[in-house]
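Notes for the one structure printed next.
If you're wondering where the values come from, they're calculated on a predicted model, not measured in any experiment.
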Amino acid sequence: MVLRTTPPGHDVILYDGHCRICSGVAREFQRLLGGRGTELRSFRDEGVLEAFPGISAERCELAMQLVRADGRVMEGAEAIVRALGRHPLGKLLYVYYVPGLRQLVDVVYRAVARYRFRIAGRTCTDGGCEVHFK
């Protein structure tokens, strides 16, 4: 099943702005992608998720979301591969699609995403990080 949402006209990466790992990755994406038509937004910022019907906060808690210009949504490790695919060295990431490797990378991604606040510590003050410590 392919998730679709309102087409933003350019790629948008939705990340967790309360997570130190996620914010660091977003800064690195910004550096690597520069002006290549990709916007980075924290899903926790007011009004962000309302702009993308069908993408829930729960989904964003589990994985980074890449909303393509046409409204297609990819998440997790695949979102990273696709987002960086425009970078000159980004094509090397397509090794992700090698059978077996994709499954392994997805398992590692899910584990890091699930325990990201324990790994890097909390940065949120609204109690939203508490769900990751239960």
Worksheet item: Any chance CD of E46 has more than 12 other-residue heavy atoms, nucleotides or ligands included, within less than 6.0 Å?
Response: no
Worksheet item: Does T5 reach the main-chain N or O of G71 with its side chain, forming a donor-acceptor pair under 3.5 Å?
Response: no
Worksheet item: Looking only at heavy atoms, which two atoms of C22 and D16 are closest? And how far apart?
Response: CB-O, 3.3 Å
Worksheet item: What closest approach, in Å, do G17 and S23 show between heavy atoms, and which atom pair accounts for it?
Response: O-OG, 3.4 Å
Worksheet item: Are any side-chain N or O atoms of E78 and backbone N or O atoms of E75, one a donor and one an acceptor, separated by less than 3.5 Å?
Response: no
Response to the item:
Smallest heavy-atom separation, L62 atom then A113 atom, equals O-CB, 3.4 Å
Fill in: Atom pair CG (L84) and CD (E28), whose distance is rounded to the nearest 0.5 Å
9.0 Å
Worksheet item: Are any non-hydrogen side-chain atoms of T38 and V12 less than 4.5 angstrom apart?
Response: no
Worksheet item: Given side chains that start at C-beta, do those of V48 and S42 come closer than 4.5 Å, heavy atoms only?
Response: no
Discussion item. Checking Y96 against R102: is there a side-chain donor and acceptor pair closer than 3.5 Å?
Written reply: yes
Response to the item:
Smallest heavy-atom separation, G85 atom then K91 atom, equals O-NZ, 3.1 Å
Worksheet item: So, do F52 and V73 sit near enough that their side-chain heavy atoms are less than 4.5 Å apart?
Response: no
Practice prompt. Report yes if some heavy atom in the side chain of V107 is under 4.5 Å from a heavy atom in the side chain of R110; otherwise report no.
Written response: yes
Item to complete: Starting at OG1 of T6, measure out to CD of E50 and round the result to the nearest 0.5 Å.
Response: 11.5 Å
Discussion item. I want to check something: taking the side chain as every heavy atom from C-beta on, are L89 and L92 in contact at a cut-off of under 4.5 Å?
Written reply: yes
Discussion item. Give me the atom names and distance for the closest heavy-atom approach of I13 to A83.
Written reply: CD1-CB, 3.8 Å
Worksheet item: Is there a side-chain contact between R82 and R68, using heavy atoms and a 4.5 Å cut-off?
Response: yes
Worksheet item: Are a donor atom and an acceptor atom from the side chains of Q65 and Y15 found within less than 3.5 Å of each other?
Response: no
Discussion item. Are F43 and R59 packed together at the side-chain level, in the sense that at least one heavy-atom pair is separated by less than 4.5 angstrom?
Written reply: no
Item to complete: Check whether any side-chain heavy atom of M64 sits under 4.5 Å from a side-chain heavy atom of Y109, and report yes or no.
Response: yes
Discussion item. Rounded to the nearest 0.5 Å, what separates atom CG in L14 from atom CG in L49?
Written reply: 6.5 Å
Worksheet item: Is the closest basic N to carboxylate O distance between E61 and R114 below 4.0 Å?
Response: no
Worksheet item: Between L93 and I80, what is the shortest heavy-atom contact and its length?
Response: CD1-O, 4.5 Å
Discussion item. Hydrophobic cluster membership, with links at side-chain heavy-atom distances under 4.5 Å among I/L/V/M/F/W/Y: are L101 and M74 in one?
Written reply: yes
Worksheet, complete the sentence: CZ (R72) and CG (D11) are apart, to the nearest 0.5 Å, by 9.0 Å
